[in-house]
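Order of appearance sets the numbers: ligands from 1, and atoms from 1 within every ligand. Side chains included, hydrogens not; waters and symmetry mates left out as well; all remaining heavy atoms used.
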Amino acid sequence: MCGIVGYIGYRKAQEVLLQGLHRLEYRGYDSAGIAVVKEDGTLNIYKAKGKVSNLETIMADKEVEGSIGIGHTRWATHGEPNDKNAHPHSSQSQSLAMVHNGTIENYHILKKALIKHGYTFSTETDTEVLVQLIEYIKATNKCNLFDAVREALLQVVGAYAIAVIEKGNPDTIIVARKSSPLVIGIGENETFIASDASPIVGFTDKVVYLKENEMAVISRNRPLQISSIADNRPSKLDIQRLRVSVEQLEKGGYDTFMLKEIFEQPETLKDCIRGRIVEEGKRVILSGVIENRERFIHANRIVIVACGTSWHAALIGKRVIQEMCQLPVEVEYASEFRYGNPFITDQDIVIAISQSGETADTLAAIQLAKNKGAFVYGICNVVGASIPRNTDSGTYIHVGPEIGVASTKAFTGQVTVLTLLALCMGQIRQTVQPEKVEEIAQALLKMPDTIRETLKLNDDIRRLAKTFTYAHNFLYLGRGYNYPTALEGALKLKEISYIHAEGYPAAEMKHGPIALIDAEMPSVIIAPSDSLYDKIVGNVQQIKSRGGSVVAIVNRGNTAMAQLADYCLKIPEVPECLTPIVIAIPLQLLAYYIAIYKGRDVDRPRNLAKSVTVE
Ligand code: F6R
């Protein structure tokens with residue numbers, strides 16, 4: 001949700017900033033801009049509506065001198081996406097430039113006060129209010145930029161990650177964070193700032209994650225100084241090593257990041273499982289569970305909180321944990337949980353699932369659960385993100401950077417980790433038979449090969465997708481473990497193709513959605529040969545007898561479904577609880593190719609952003 005980048009050093013800032021903005025573009029692409037201070041102190045700002053490539057086009061014939069600057073790619077909250085509302089925003093006298101990720105909740109009040117002091121505003125953004133406030137404080141208190149920023153932030157209610165530079169000062173960037181992430185990369189005679197580490201990769205592997213309510217002075221001549229916004233007390237520098245390579249951030253020969261990420265799943269699942277299944281498949285170990293053994297043995301209940309795709313993974317997690325651990329599990333949207341006055345005790349374990357580790361609602365749910373005394377366990381992808389830093393314990397899914405806005409490899413990684421968690425917990429609680437653990441663990445060890453086999457459906461699905469570009473609506477039906485998979489398939493299709501799609505538990509179809517079925521409404525039926533297969537065959541018959549077309553996802557040995565369904569996609573057989581991981585593959589590919597045939601930008605679908613750091 002908005003990406004921030006900044007640079008100070010010896011390179012041409014313009015180049016570092018534009019490259020950084022490309023890497024952050026998944027966070028928002030309504031508009032982009034950069035501000036650079038030249039050595040002579042001149043401050044120049046360039047902005048453009050739309051993607052970073054538009055900004056590059058308007059800058060193509062401009063040689064911007066200067067080795068200090070800030071940049072921003074926007075996901076609009078206040079004010080429509082246009083050139084004017086794009087960041088960086090400048091203050092009235094044009095002496096300051098600022099980029100901001102987050103929302104200033106009391107901006108109306110601050111704006112009114114500034115108008116009384118003679119300030120005028122040229123945009124509708126909350127960010128312009130903050131930069132004007134900083135200028136006002138700097139002028140009235142006759143203080144330096146750091147003190148003015150700090151004083152302004154003490155008056156602000158809301159969430160922010162900000163970076164500010166000033167005319168006449170080619171040596172300093174001031175940054176601060178509250179509820180929005182900010183990483184500082186420390187190189188040799190150069191420093192980088194960014195919303196996440198991706199713009200820093202390839203320049204340095206030394207990073208400091210700014211903590212909640214901290215600010216920093218990034219100076220050309222002095223070492224990095226971090227302090228608390230509240231009392232200006234210096235903080236200890238906690239330098240960490242980045243373990244992401246440039247190759248991981250590139251498309252690697254694929255047309256899109258989404259396709260690359262779909263095809264990476266054999267490897268990402270191998271990374272996700274590595275070291276977690278031991279003793280030739282007889283034992284599952286997750287250190288976050290083993291280290292907190294007593295908590296997991298004595299837990300009364302598990303509550304899982306998440307949003308979007310991660311919430312779908314949570315629904316699958318609920319079933320597998322209940323099955324293996326004989327423990328009640330509830331799943332809540334993090335956004336509902338945080339305002340729902342939930343009943344949580346210190347005997348509960350709250351699991352928070354998030355690919356980005358920055359989702360604002362999930363972070364707020366974690367805080368609430370902690371306040372109520374629960375033990376909070378995080379399942380996250382981005383190493384060092386806010387969620388893993390704010391939970392009591394947890395597990396990374398280790399699927400590598402996910403850049404396509406639609407989540408693919410993170411979903412299969414999340415379901416894999418939830419299954420490992422259920423097995424590990426079931427073992428220590430002695431609620432799962434060793435044979436069961438071994439059966440599932442062995443199938444997980446083979447999962448990279450199973451997914452490789454499943455990906456061979458690619459060409460069939462590409463052909464099939466072409467026949468569906470006419471559709472305005474789609475129905476996805478599944479049962480048991482695959483009701484959430486149906487929800488996920490429908491979400492993938494709607495977010496990247498803009499076709500309306502609904503996921504439904506198959507048996508519920510007769511209670512309403514069946515009224516929608518006609519020749520214009522295709523259905524995707526998830527029907528692996530599991531305990532509920534026979535029931536789902538009945539649903540296919542009901543759809544066919546009403547003229548609807550059916551794409552069925554069945555196991556390889558299934559010959560009967562071909563008599564009923566219009567198209568069959570055949571997948572390898574795996575234990576029931578692992579079917580969502582395998583079935584996710586054809587669903588991702590189907591959504592992908594339908595969207596491609598419709599000419600959509602699958603990596604950057606309209607109105608979406610990958611990291612939802614606002615409410
Ligand atoms: C869908 C998608 C979103 C995210 C949701 C939560 O493809 O990507 O629905 O799953 O915004 O994000 P995380 O997992 O980062 O908390």
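- Those atoms of ligand 1 with a heavy atom of E495 less than 4.0 angstrom away are 1 (C), 7 (O).
- When the heavy-atom distances from atom 8 (O) of ligand 1 to V405, I353, L363, I379 are ranked, the shortest goes to V405.
- Close contacts between ligand 1 and S354 involve ligand atoms 13 (P), 14 (O), 15 (O), 16 (O) [criterion: under 4.0 Å to a heavy atom].
- Salt bridge annotation for R74-D30: absent, with no cationic side-chain nitrogen under 4.0 angstrom from a carboxylate oxygen.
- Residue contact check: A406 has heavy atoms under 4.0 Å from atoms 7 (O) of ligand 1.
- Applying the 4.0 Å criterion to heavy atoms of K492 picks out, from ligand 1, the atoms 1 (C), 7 (O).
- No side-chain donor from either of T408 and Y592 sits under 3.5 Å from a side-chain acceptor of the other.
- In the vicinity of S310, heavy-atom distances shorter than 4.0 Å reach the ligand 1 atoms 10 (O), 13 (P), 14 (O).
- At the shortest separation from atom 11 (O) of ligand 1 among protein heavy atoms lies V612 CG2, 3.9 Å.
- Ring geometry for H87 versus H72: interplanar angle under 30°, hence parallel rather than tilted (30 to 60°).
- Between E402 and K260 no salt bridge is recorded (no basic side-chain N to carboxylate O distance below 4.0 Å).
- With hydrogens and angles left out, the side-chain atoms of N458 and Y593 include a donor and acceptor closer than 3.5 Å.
- Taking a 6.0 Å sphere around NZ of K598, one finds it holds more than 12 heavy atoms contributed by other residues, nucleotides or ligands.
- Considering A410, C307, S356 only, the shortest heavy-atom separation from atom 15 (O) of ligand 1 involves S356.
- Where the criterion is an N or O separation shorter than 3.5 Å, residue side chain and backbone included, T362 fails it with respect to ligand 1.
- Ring geometry for F474 versus F468: interplanar angle over 60°, hence perpendicular rather than tilted (30 to 60°).
- When the heavy atoms of T309, D361, T359 are ranked by distance to atom 3 (C) of ligand 1, first place goes to T309.
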